[in-house]
Amino acid sequence: MSALDETPRSYSGALLAAIAVALLCGVGGLVWSYALSGRLNGQEAALVEARDQNKKLASDLRETDARLKVATEELGQSLGLTQKQMDARAQEIIRREQADSQRLENAQKQTAQAVNGLTSDVSGVKSDVGGVKTDLNKTQSQLATTIEQLTSMKGDLDGHNTLIARNHDELELLKHKGDRNYYEFTLTKGQRKPVGTVTLELTKADPKKNTFNLTVVSDDKPVPKNNKGVNEPLQFYSGKNPMLFEVLVNAVPSKNQVSGYLSTPKGAPAPATVP
């Protein structure tokens with residue numbers, strides 16, 4: 001076969017291919033158009049339905065407004081108020097609510113400020129309490145140290161060891177220790193003086209030697225304590241159930257005077273009070 005014979009066949013094949021492609025494109029276009037048309041129809045139907053619903057809602061709203069207006073008019077008529085008066089009253093109610101809301105907000109702010117101030121005060125009190133605790137611990141430590149430094153002496157009755165206070169400050173420490181009762185005294189020569197539940201009388205004092213003589217009257221019985229020295233525990237028993245009492249003279253300032261204290265057990269009878 002010659003070249004001239006093959007050329008028409010090539011043109012025929014290309015033409016058929018182009019026609020086939022065109023047909024396919026046409027069919028595809030028709031399918032797409034059909035689908036698009038379906039979507040448009042669905043959207044139009046939804047739009048129509050939405051419009052109908054909006055019309056129904058608008059109608060319901062108009063009906064509600066009409067009913068509300070009628071109810072408002074009936075309420076105004078029943079209260080003898082005009083629409084203008086009702087509007088004014090509504091505005092007044094709104095203003096009251098706003099004022100109440102503002103007062104509540106101010107009260108809340110004041111409460112918050114008060115709480116913050118109280119919190120600060122509580123913090124300050126806590127700090128003060130902490131300082132007091134520290135001072136108390138320090139004082140207790142000093143007290144314990146001082147008590148350890150108190151002199152322990154043997155009494156003149158049976159050699160019983162006892163802590164003695166050599167001055168007023170040490171006596172205060174013994175009082176705080178709380179083991180016994182303590183009664184301070186100052187005796188003048190020739191005068192009997194009640195001290196606690198006993199009576200003491202100074203009969204002699206020598207300030208140069210720091211010695212003295214005195215008489216203890218206990219349970220109506222005189223007990224002489226002669227030629228005794230300063231800070232020497234003078235012991236005797238007293239009471240229906242005999243308990244150990246102690247007299248201690250701290251100072252002999254003159255020939256006519258001495259000072260010291262009486263020590264009694266915690267369970268000893270208390271001195272009678274003068275009315």
Side-chain angles (χ1 to χ4, degrees), residues 135-136 138-275:
D135 294 340
L136 179 60
K138 183 178 179 180
T139 301
Q140 289 177 340
S141 177
Q142 292 175 346
L143 177 62
T145 301
T146 305
I147 289 177
E148 289 178 358
Q149 294 174 352
L150 291 173
T151 303
S152 178
M153 298 287 290
K154 290 184 178 181
D156 67 336
L157 187 62
D158 57 3
H160 175 74
N161 286 325
T162 181
L163 286 176
I164 67 168
R166 293 162 295 186
N167 51 55
H168 176 75
D169 292 337
E170 291 185 353
L171 181 59
E172 289 299 318
L173 291 175
L174 283 179
K175 289 180 180 179
H176 286 297
K177 193 170 183 292
D179 293 339
R180 295 173 66 84
N181 302 315
Y182 296 90
Y183 306 93
E184 292 185 85
F185 61 78
T186 298
L187 303 179
T188 301
K189 185 178 179 180
Q191 296 180 357
R192 287 192 172 190
K193 184 172 185 178
V195 181
T197 57
V198 301
T199 301
L200 303 179
E201 180 182 0
L202 177 65
T203 58
K204 181 181 178 181
D206 187 345
K208 292 182 179 180
K209 295 181 180 180
N210 277 332
T211 60
F212 58 90
N213 296 344
L214 62 78
T215 300
V216 178
V217 181
S218 172
D219 301 327
D220 297 327
K221 296 178 181 180
V223 179
K225 298 289 185 179
N226 296 327
N227 197 27
K228 300 300 181 181
V230 171
N231 295 327
E232 180 182 350
L234 310 180
Q235 299 174 328
F236 59 94
Y237 286 94
S238 178
K240 293 181 180 180
N241 298 318
M243 295 182 178
L244 187 64
F245 284 42
E246 296 176 348
V247 171
L248 193 86
V249 172
N250 296 129
V252 184
S254 70
K255 293 182 179 180
N256 297 317
Q257 196 175 69
V258 297
S259 60
Y261 64 86
L262 168 70
S263 170
T264 67
K266 273 296 181 182
T273 57
V274 179

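Fair warning: this is a prediction, and the values are worked out from it, not measured in the lab.
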What distance do [X] atom [atom1] and [Y] atom [atom2] have between them, rounded to the nearest 0.5 Å?
X	Y	atom1	atom2	result
N227	T211	CG	OG1	6.0 Å
T215	K225	OG1	NZ	10.5 Å
E170	L163	CD	CG	10.0 Å

Residue pair L200, L202: steps toward the side chain to side chain contact (heavy atoms under 4.5 Å, CB included) verdict
CA-CA 7 Å; L200 303 179; L202 177 65; over 6 Å; no
Looking only at non-hydrogen atoms, find the nearest pair between [X] and [Y] and report the distance.
X	Y	answer
I164	P233	CG2-CG, 3.7 Å
D220	P222	O-CD, 4.0 Å
A205	V258	CB-CG1, 4.2 Å
A165	N250	O-ND2, 2.7 Å
S238	S218	OG-OG, 2.7 Å
L248	N231	CD1-C, 3.4 Å

Below 3.5 Å, can you tabulate the donor-acceptor pairs from side chains in residues 183-195 to any protein atom, sequence neighbours excluded?
| from | atom 1 | to | atom 2 | distance (Å) |
| --- | --- | --- | --- | --- |
| E184 | OE1 | H168 | ND1 | 3.0 |
| E184 | OE2 | H168 | ND1 | 3.2 |
| R192 | NE | E201 | OE1 | 3.0 |
| K193 | NZ | T186 | O | 3.3 |

List in chain and number order the residues that pass side chain to side chain donor-acceptor pair (under 3.5 Å) with K221, two or more places apart in sequence or in another chain; answer none if no residue qualifies.
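K221: no side chain to side chain donor-acceptor pair (under 3.5 Å) contacts found.
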Go through the steps to decide whether V198 and L262 satisfy the test side chain to side chain contact (heavy atoms under 4.5 Å, CB included), and finish with yes or no.
CA-CA 9 Å; V198 301; L262 168 70; 3.8 Å; yes
Do other residues, nucleotides or ligands put more than 12 heavy atoms under 6.0 Å from K266 NZ?
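Yes, the 6.0 Å shell around NZ holds more than 12 heavy atoms from other groups.
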Take a 6.0 Å sphere around CG of N241 and say whether it holds more than 12 heavy atoms from other residues, nucleotides or ligands.
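Open: at most 12 neighbouring heavy atoms sit under 6.0 Å from CG of N241.
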Please identify each residue that fulfils ring-ring contact (aromatic ring centres under 6.0 Å, His included) with F212, with sequence neighbours left out.
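Partners of F212 under the ring-ring contact (aromatic ring centres under 6.0 Å, His included) test: none.
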Do the side chains of V247 and K228 get nearer than 4.5 Å, heavy atoms only?
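Side-chain contact under 4.5 Å: no.
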Mutual orientation of the aromatic rings belonging to Y261 and Y182 [parallel < 30°, tilted 30-60°, perpendicular > 60°]:
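Correct class here is perpendicular.
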